[in-house]
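Excluded from the calculations below are hydrogen atoms, water molecules and symmetry mates; all remaining heavy atoms, backbone and side chain alike, are included.
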Amino acid sequence: MTEITLYNTRTRRKEPLPTDPGRIGMYVCGPTVYDRAHIGNARPVVVFDVLFRLLRHVYGPEQVTYVRNITDVDDKINARAAESGRDIRAITDETIRWYHDDMAALGALPPTHEPRATEFIAPMVAMIETLIAKGHAYAAEGHVLFSVASYPEYGQLARRSLDEMRAGSRVEVAPYKRDPMDFVLWKPSEAGLPGWESPWGRGRPGWHIECSAMAHELLGPSFDIHGGGIDLVFPHHENEVAQSRCAHPEGSFANIWMHNGFLNVEGEKMSKSLGNFFTVRDLLDRGIPGEVIRFVLLSTHYRQPMDFSEEKVEEARATLLGWRQSAWENEAVAANGTVSSEILGALSDDLNTPAAITALHRLAGQRDWAGLLAGARLIGLLDPGLSDWMAVTTVENGVEYPSNLDASLVAVVRRLRDSWQEARLAKDFTRADEIRSDLDSLGVELRSLSEGPFAYVRQEVDRKRLGALV
């Protein structure tokens, strides 16, 4: 059996998964459902979707359990309900539908389980009661807090001492806390906010206990992989470790911790003030196919910070179009392909998707369409369900173009086509040839038909350069 090694944030080294697993369990922190998922939120979804596919390929689908939670009780959701005047459940249900639609557009498989926090309140209360009974938590003024000092190993995941964390962290200072670092397991809910009856009064869970309780219920006290963004290492994942190990010391909780790096846009941190903050839906509505977004997200190793740029989008679009056309033309051969050892080896070495993509380029250059298709589909590319964007075209007013091409770019093509025709009629063949050559280099073919001039815009048209002509 192929050995898979993954970088463990806790130990700062690559570690092998068990070779005789029985069952592989993976928990990944999912969305807090109050708004559209942005492109940074999409990165861990795509990264851990590839890992899910790899685990299923190596161990068998029935041996892999993938849990990705939904946080549907949270102060941000309450705030959104207050400012909009809408019902909380209506907001969370709508946002979950958006999330499912957007992640499906990126080719992400549904996880094995997708628990909503509000469905697991009883296990959360039970875990909190256990922590209190064992001396790791205490009740104060309707709150229950975890006592950080009761767990000597606190800080090992983030590699920080308690004194460093006290000095450098922004923590809520409250008179009912024994230590400023103590974090909330349960908080009171006033009228009008979601709440459940508990031994400490009507209230709701803290964020950290939600994941610990759901992971324990669905995966047990020990499981293989816990994933999420690098921003979750502290305090969220550190707190998960502390409360889970203290409540269930018989288990190890997660054996391997995986974290993906930050995402920037055009070299800068994503920010609404900079105008470079994009949701997945924004990009889809701009005509960037989900498969192209997925390719870009996988083109950088998951542990590294990555830059999402227009240049990478166009490179991904052109690559996928070339691969897809070849795969279509050779579907009968390609349908029976197997994943090459080079691609499987790259993915098994800490999910090295850039190396896998390099291997796919090599297979394409060797015209190994069977190997190309099998390897691409292992990482969620060239799947039939993601290919519609390549085939749909529109013919309108003498221009055939991909249906997702922006109207302003179609107008540019039409204007230049007309300029080409005017130059031909004026017998300015030098100018006509220049226009035709320039457009051809952008992915636009000009044709002279009996009914008049016609422009054919290829799927791999250079949208960025064409846009500069608007």
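One N or O on the side chain of E291 and one on the backbone of L382 form a donor-acceptor pair closer than 3.5 Å. With hydrogens and angles ignored, the 3.5 Å screen pairs a side-chain donor or acceptor of R10 with a backbone N or O of N255. Under a 3.5 Å cut-off, the side chain of D368 and the backbone N or O of L363 do not form any donor-acceptor pair. Of the possible polar contacts, none joining the T32 side chain to the T71 backbone as a donor-acceptor pair under 3.5 Å is found. With hydrogens and angles ignored, the 3.5 Å screen pairs no side-chain donor or acceptor of S212 with any backbone N or O of I209. Side-chain atoms of D224 come within 3.5 Å of backbone atoms of G25 as a donor-acceptor pair (strictly under, hydrogens ignored). Listed for the T92 side chain is no donor-acceptor partner under 3.5 Å among the backbone atoms of V33.
At least one side-chain heavy atom of K312 sits under 4.5 Å from a side-chain heavy atom of T300. Side-chain atoms of S441 and D462, non-hydrogen and from C-beta on, never get closer than 4.5 Å to each other. Between L381 and F295 the shortest side-chain heavy-atom distance falls below 4.5 Å. Side-chain contact between H237 and H259 is present, with heavy atoms from C-beta onward closer than 4.5 Å. P205 places a side-chain heavy atom less than 4.5 Å from the side chain of W196. Between M214 and V67 there is no side-chain heavy-atom pair separated by less than 4.5 Å. In this structure, the side chains of F278 and I293 stay at 4.5 Å or more apart for every pair of heavy atoms. A 4.5 Å side-chain heavy-atom check between L54 and T2 finds every atom pair outside the cut-off.
Both tests do not hold together for R68 against F48: distance to the six-membered ring centre under 6.0 Å, angle to the ring axis within 45°.
Classification of the H236-W207 ring pair by plane angle, with boundaries at 30° and 60°, yields parallel. Using cut-offs of 30° and 60° for the angle between ring planes, the F146 and F183 rings count as parallel.
Between F277 and H38, the distance separating the two ring centers is shorter than 6.0 angstrom. Between F253 and F223, the ring centre distance stays below 6.0 Å.
Between D72 and R116 a salt bridge is recorded (basic side-chain N to carboxylate O distance below 4.0 Å). Under the 4.0 Å criterion applied to side-chain N and carboxylate O atoms, R317 and E314 are assigned as salt-bridge partners. The pair D35-K76 fails the salt-bridge criterion, with no side-chain N (NZ, NE, NH1 or NH2) lying under 4.0 Å from an Asp/Glu carboxylate O. A salt bridge links R362 to E342: at least one charged side-chain nitrogen sits closer than 4.0 Å to a carboxylate oxygen. In this structure, R204 pairs ionically with D75, as a charged nitrogen and a carboxylate oxygen lie closer than 4.0 Å. Salt-bridge annotation for R286 and E310: present, with a side-chain N of the basic residue lying under 4.0 Å from a carboxylate O of the acidic one.
Taking a 6.0 Å sphere around OH of Y34, one finds it holds 12 or fewer heavy atoms contributed by other residues, nucleotides or ligands. Atom CD of E94 is surrounded by more than 12 heavy atoms from other residues, nucleotides or ligands within 6.0 Å.
What you find for C29 and C211 is that their closest heavy atoms are SG-SG, 4.0 Å. Nearest approach of K177 to D182, heavy atoms of both residues: NZ-O, 2.9 Å. Minimum interatomic distance between F234 and E238 (heavy atoms only, all atoms of both residues): CD1-CB, 3.8 Å.
Put simply, the residue from L442, L409, I288, V457 that forms a side-chain contact (heavy atoms from CB on, under 4.5 Å) with R463 is L409.
For D102, the salt bridge (charged side-chain N to carboxylate O under 4.0 Å, His left out) partners are R36, R281, not counting sequence neighbours.
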Practice task
I would like to know whether R80 and D74 meet salt bridge (charged side-chain N to carboxylate O under 4.0 Å, His left out); could you show each step before the answer?
Solution key: CA-CA 10 Å; R80 179 58 53 88; D74 184 85; over 6 Å; no
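If you check the side chains of S408 and D406, you find a donor sitting under 3.5 Å from an acceptor.
Applying the salt bridge (charged side-chain N to carboxylate O under 4.0 Å, His left out) definition to pairs two or more places apart or across chains, those involving residues 39-51 are D49-R53, D49-R294. Pairs passing the salt bridge (charged side-chain N to carboxylate O under 4.0 Å, His left out) check and including a residue from residues 247-271, sequence neighbours excluded, do not occur.
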